[in-house]
Amino acid sequence: MTGELSEAVAAAQSGDEEAFRFLYRTLQPGLLRYLTALVGADAEDVASETWLQISRDLPSFTGGEFRAWTVTIARNRAMDHLRRQRRRPSLPVPVQALSDLAADTDTAERAGETIGTEAALALIATLPPREAEAVLLRAVIGLDAETAGRVLGRRAGAVRTAAHRGLRRLAALMERDDSEAPAASEGASPPRPRGDRPRQAPRAEPADG
């Protein structure tokens, strides 16, 4: 895909509209999920702003990781939007492909294979902001740690650590939920709502200076 993407970028820079449409079809789904994590229901509007800037600035793109370039633009537009709206971002993001992100294979496989979409949305929203965004960039956008680090203005090792810690937190939360799950088949009563730790969506943080 990397070679095909690079060819499409070069063609689009030369004015090939079909190549630009290929770039859009390839990158838009991931960008939209990522932006939904940052700005919620306004993701479509921010994505439109992102693609307008991509189209305008494409001739000046001089190489490197095009996917990272586009997600950097998307993140900047999202941060601008949040500053204008003074809103906290939410994280209604389907967590997929987590099994490739951590060195702890058992933890990662459990996170990727046993967590349901609705549960994932609730659990990822409880992660600290740095961990949440590290997982998003690696799982949703598909960036490696080095590239994600450049997007976030952090060291690659810090991104790896944040993603790994996020996975371990998710696994621990799933294990806790499993241990507290009522035995429905035995007629057990549902557990009482937990009011001691309200869940809040993490705030996306601007890149470190």
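Note: hydrogens, waters and symmetry copies are ignored here, and every other heavy atom, side chains too, is used.
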Atom of Leu35, atom of Ala78 and distance for their closest heavy-atom approach
CD2-CB, 3.8 Å

Determine whether more than 12 heavy atoms belonging to other residues, nucleotides or ligands lie under 6.0 Å from atom CD of Glu17.
no

Using 30° and 60° as the class boundaries, would you call the ring planes of Phe20 and Trp51 parallel, tilted or perpendicular?
perpendicular

Any His164 side-chain heavy atom under 4.5 Å of Arg169 side chain
no

Donor-acceptor pair, Gln13 side chain versus Phe61 backbone, under 3.5 Å?
yes

Looking only at side-chain N and O atoms, does Asp57 offer a donor or acceptor that is under 3.5 Å from a partner on Ser60?
no

Heavy-atom closest pair, residues Val151 and Ala68:
CG2-O, 3.9 Å

Let me know which of Arg165, Arg155, Glu146 forms a side chain to side chain contact (heavy atoms under 4.5 Å, CB included) with Arg160.
Glu146

Quick one: does Thr147's side chain have a donor or acceptor within less than 3.5 Å of a partner on Leu143's backbone?
no

Under 4.5 Å between any side-chain heavy atoms of Arg154 and Arg130, yes or no?
yes

Quick check: are there more than 12 heavy atoms from other residues, nucleotides or ligands sitting under 6.0 Å from CD of Glu44?
no

Residues Arg138 and Ala145: closest non-hydrogen pair is NE-N, 4.0 Å

Is Val46 linked to Leu32 within one hydrophobic cluster, defined over Ile, Leu, Val, Met, Phe, Trp and Tyr using a side-chain heavy-atom separation of less than 4.5 Å?
no

Is the shortest side-chain N to carboxylate O distance from Arg25 to Glu18 below 4.0 Å?
yes

Under a 3.5 Å distance rule, please check whether Ser55 uses its side chain to pair with a backbone N or O of Leu52 as donor and acceptor.
no

Heavy-atom check, side chain of Tyr24 versus side chain of Ile54, under 4.5 Å
no

On a heavy-atom basis, the closest approach of Ala134 and Ala162 is CB-CB, 3.7 Å

Minimum heavy-atom separation for Phe22 and Ala8, please, with both atom names.
CD2-CB, 3.4 Å

Provide the closest heavy-atom pair for Leu5 versus Thr26 in the form atom of the first, atom of the second, distance.
CD1-CG2, 4.2 Å

Heavy atoms, side chains only, cut-off 4.5 Å: are Arg75 and Leu152 in contact?
yes

